[in-house]
Colleague: 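Here it is, the structure, as structure tokens.
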Amino acid sequence: MSSSLLRRFSVGFAALTGLLGVSLAGIRAAEAVTVPILVADVDSGKVIYAQAPTDPWYPASITKLMTTYVALDLVRQGKVSLDSMITISAAAAAEPPSKMGFKPGTQLTLDNALKIIMVKSANDIAFAIGENLGGSVDNFAALMNETAQRIGMRDSHWYNPNGLPDPRQWTSARDMAVLARALIRDFPDSHDLFSISAIQFGRAVMANHNGLLGRYPGTDGMKTGFICSGGFNVVATATRNGRRIVTIVMGQPTPRERDVKAADLFDYAFSQNAGWTSPTLDALPASTLPQPPDMRPFVCGGKKPPAIEDGPGAISAAGSAAQLIGGAAANSPALAMAAFSNPALRSRTLPLRAPLEPIAVWIGRSPAEGQQILDAQAAEQKAAVANSRAAKLEAAKAKRVAALEAAKEARAARAERANAAREASKEAAKSAPKPTSKVAAKPAHALPRSASAYTAATAPSMPEAKPGKGLAKPAPKTAAHKPAPAKKPANKKASADE
């Protein structure tokens, strides 16, 4: 490699914290957190690259690799078989997603259950495996811990079979490499279980969350996992020219970064030869951390958790870490990590995923039985929908009838109140006193205003008719008798005395 290119990588390494060894500010106030990374040769167990390999970490769904080892070990011991039936309990059905959502009482074979947890990462199925094989989840967790110690895992503590958040449950990159090697070594007939690209249940096709399968050449397993406290984790294996490498990447903020870093580490590892000076997994020193760091502030930040996978729309980008740093520099882990820190590589994605090849899974003992169960459930659901629709229509009809009846009663009540008001008004009118007339009543025989206090002795007669009107000529007038004038008093004095 030219000196100028070497200087550029050295400057990049010094300027950046390192893509794989990034220090996450804000996770802890007093110290930085280094995310665990480990790359090892599967056959020899030699470590090709390691970073915080024994630090405790929240495993999330890579826990299901441990669950699968215990289940396959019980099959190997003859205590159960792959055809053993797993029954979904109410507690299993209540586990949060990712899940299949089977109803309590649903049964499926252990073989199908293992395929589902490896591809769909269904928490309800993993929980049911623990209940059925261990008698209880606690008993199965005890089996997980015993088995982990037996195969050489030193840093792991298991409390559930699905990896849902539990502050007591953690592992390490080293322990997951030990587990991956044990699965490949002890159960070679089950190796295909870890490389299924998709499963098909009924008409639904569910792709594997492992974004390296079908995108990075040679990838043949194993499992991804994600919770906010642990970030995006992956245990991946890939084979090239007969050589198998296992890569563990933990604590990444997105699935894309997790997958790209794993691919770059594979490129780097396949260019290396683990010599006699390389340490083995067993020789890695223990961590000084008392417990795992909480990655939630960095990964989720109090917001909605990121998507579990990138999906099929990733854009291909040429180049890889091994190609960019050149063959001469490939022997320097520091320069390799500097190359991984390059901002151009941070935006790199993997090629589009190859077409899926779904593997059928079913409930019941056989596909035919499973189809019968699905048909019965579909008929039951259809009947339930029809009954619900009929109940809604009946309820709507009853509501309309009740509304009409209520309106009728309301009208009758208003009419009754109106009649009562009219009757009350009539009664009030009858009982009220009559008002006095403003005009005084006329007397029966009222006197005219011009009447004198004295009346004539005779009643007035008809007026006299004029002649020539067909009436008799009136008698001639006679002189009226005038009364004698009164005598004057004798004298004024006498008159005054009277």
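Along the sequence shown, residues are numbered consecutively beginning with 1.
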Colleague: Set out, in order, the CA-CA distance, both residues' side-chain angles and the distance that settles side-chain contact (heavy atoms from CB on, under 4.5 Å) for Y268 and I48, then state yes or no.
Modeller: CA-CA 9 Å; Y268 173 75; I48 300 172; 4.3 Å; yes
Colleague: Could you tell me the separation between the CD1 atom of I227 and the CG atom of N233, rounded to the nearest 0.5 Å?
Modeller: 8.0 Å
Colleague: So F266 and Y216, would you call those rings parallel, tilted or perpendicular, with 30° and 60° as cut-offs?
Modeller: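 Geometry flag for Y216 against F266: parallel rings.
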Colleague: Check whether any side-chain heavy atom of W57 sits under 4.5 Å from a side-chain heavy atom of P293, and report yes or no.
Modeller: yes
Colleague: Any donor-acceptor pair under 3.5 Å linking the side chain of T147 with the backbone of L143?
Modeller: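 Checking the backbone N and O of L143 against the side chain of T147, a donor-acceptor pair under 3.5 Å is found.
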Colleague: Checking S156 side chain against M153 main chain: does a donor-acceptor pair fall under 3.5 Å?
Modeller: no
Colleague: Should we count CD of E357 as having more than 12 external heavy atoms under 6.0 Å?
Modeller: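 At most 12 heavy atoms, drawn from other residues, nucleotides or ligands, come within 6.0 Å of this atom.
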Colleague: Evaluate the side-chain proximity of L193 to L114: yes if any heavy-atom separation is below 4.5 Å, no if none is.
Modeller: yes
Colleague: Applying side-chain contact (heavy atoms from CB on, under 4.5 Å), run through H157 and D166 and close with a yes or a no.
Modeller: CA-CA 10 Å; H157 306 274; D166 188 322; over 6 Å; no
Colleague: Once you round to the nearest 0.5 Å, how far does CZ of F127 lie from CD1 of I88?
Modeller: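 Separation between the atoms: 10.5 Å.
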Colleague: S121 and S61: which non-hydrogen atoms are nearest, and at how many Å?
Modeller: OG-OG, 3.1 Å
Colleague: With N162 as reference, evaluate K99, E95, K64 under the side chain to side chain donor-acceptor pair (under 3.5 Å) test and give the passing residue.
Modeller: E95
Colleague: Ignoring hydrogens and angles, tell me if any N or O in the side chain of D124 forms a donor-acceptor pair with the backbone of A92 under 3.5 Å.
Modeller: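 Not confirmed, D124 side chain does not pair with A92 backbone.
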Colleague: Starting from the C-alpha separation in whole Å, work towards a yes-or-no answer on side-chain contact (heavy atoms from CB on, under 4.5 Å) for E131 and F140.
Modeller: CA-CA 7 Å; E131 283 186 322; F140 190 82; over 6 Å; no
Colleague: Apply side-chain contact (heavy atoms from CB on, under 4.5 Å) to L374 and I363, showing your working.
Modeller: CA-CA 8 Å; L374 289 178; I363 56 177; 4.1 Å; yes
Colleague: Between R258 and F232, is NZ or CZ placed under 6.0 angstrom from the six-membered ring centre and within 45° of the ring axis?
Modeller: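 No.
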Colleague: Looking at Q200 and G202, would you say the former's side chain and the latter's main chain have a donor-acceptor pair under 3.5 Å?
Modeller: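 It does hold such a pair.
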Colleague: How close do P97 and L164 get, heavy atom to heavy atom, and via which atoms?
Modeller: O-CD2, 4.5 Å
Colleague: How many angstroms lie between atom CE of M85 and atom OG1 of T106, to the nearest 0.5 angstrom?
Modeller: 10.0 Å
Colleague: Sub-3.5 Å donor-acceptor pair from the side chain of S136 to the main-chain atoms of N139, do we have one?
Modeller: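 Indeed, once roles are kept as given, a pair shorter than 3.5 Å links the two residues.
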Colleague: Does the salt bridge (charged side-chain N to carboxylate O under 4.0 Å, His left out) test come out yes or no for D43 and R181, once each step is laid out?
Modeller: CA-CA 8 Å; D43 291 336; R181 293 185 69 225; over 6 Å; no
Colleague: Can a side-chain donor-acceptor contact be found between D294 and S229 if the only test is distance below 3.5 angstrom?
Modeller: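 Note: S229 and D294 side chains meet the donor-acceptor criterion.
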Colleague: Working to the nearest 0.5 angstrom, can you tell me the gap between D55 CG and L289 CG?
Modeller: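 Here the interatomic distance stands at 4.0 Å.
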Colleague: Is the shortest side-chain heavy-atom distance between F187 and Y69 below 4.5 Å?
Modeller: yes
Colleague: State, to 0.1 Å, how close A286 and T54 come at their nearest heavy-atom pair, and which atoms those are.
Modeller: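 Here A286 and T54 meet closest at C-OG1, 3.5 Å.
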Colleague: Could you check if a side-chain atom of V39 sits within less than 4.5 angstrom of a side-chain atom of V246, using non-hydrogen atoms only?
Modeller: no
Colleague: Report the residue from Q371, Q377, Q372 that forms a side chain to side chain donor-acceptor pair (under 3.5 Å) with D375.
Modeller: Q371
Colleague: For P36, does its backbone N or O pair with a side-chain atom of Q51 as donor and acceptor, under 3.5 Å?
Modeller: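 Here the side-chain-to-backbone pair does not exist.
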Colleague: Looking at N160, is its backbone amide N or carbonyl O close enough to the side chain of Q169 to form a donor-acceptor pair, meaning the two atoms are under 3.5 Å apart?
Modeller: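 Between the backbone of N160 and the side chain of Q169 there is a qualifying donor-acceptor contact (under 3.5 Å).
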Colleague: Regarding R150 and E146, does a basic nitrogen lie under 4.0 Å from an acidic carboxylate oxygen?
Modeller: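 So R150 does not pair with E146 through a salt bridge.
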Colleague: Shortest non-hydrogen contact from F270 to R243?
Modeller: CE2-O, 3.4 Å
Colleague: Would the distance check show the side chain of N208 and the main-chain N or O of L213 forming a donor-acceptor pair, the cut-off being under 3.5 Å?
Modeller: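 Not at all, since once roles are kept as given, no pair shorter than 3.5 Å links the two residues.
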Colleague: Please round to the nearest 0.5 Å and tell me the distance separating atom CD1 of I199 and atom CE of M100.
Modeller: 5.0 Å
Colleague: So which atom in A93 and which in F102 form the shortest heavy-atom distance, rounded to 0.1 Å?
Modeller: CB-O, 3.8 Å
Colleague: Hey, does L65 have a side-chain heavy atom less than 4.5 Å from the side chain of V235?
Modeller: yes
Colleague: Can you name the nearest heavy-atom pair linking F201 to V361, along with the distance?
Modeller: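 The pair with the smallest heavy-atom distance is CD1-O, 3.6 Å.
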Colleague: Under 6.0 Å from the CZ atom of R365, do we count more than 12 heavy atoms belonging to anything else shown?
Modeller: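 Open.
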Colleague: Side chains of V70 and L133, heavy atoms from C-beta outward: is any pair under 4.5 Å?
Modeller: no
Colleague: Would you call I248 and I37 a side-chain contact if the rule is heavy atoms closer than 4.5 Å?
Modeller: no
Colleague: Salt bridge between R244 and D220, side-chain N to carboxylate O under 4.0 Å?
Modeller: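 Yes, charged N to carboxylate O under 4.0 Å.
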Colleague: Is any side-chain N of the basic residue among D264 and K261 closer than 4.0 Å to the acidic one's carboxylate O?
Modeller: no
Colleague: Please examine the side chains of L38 and L284, heavy atoms only from C-beta on, and report whether any two atoms are closer than 4.5 Å.
Modeller: yes
Colleague: Would you confirm whether N210, through its side chain, and T224, through its main-chain N or O, come within 3.5 Å as a donor-acceptor pair?
Modeller: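 A pair under 3.5 Å: no.
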Colleague: Starting at OG of S98, measure out to NZ of K120 and round the result to the nearest 0.5 Å.
Modeller: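 That separation rounds to 4.0 Å.
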Colleague: Under the 3.5 angstrom rule, does the side chain of N145 hit a backbone N or O of W158 as a donor-acceptor pair?
Modeller: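 Yes; at least one donor-acceptor contact below 3.5 Å.
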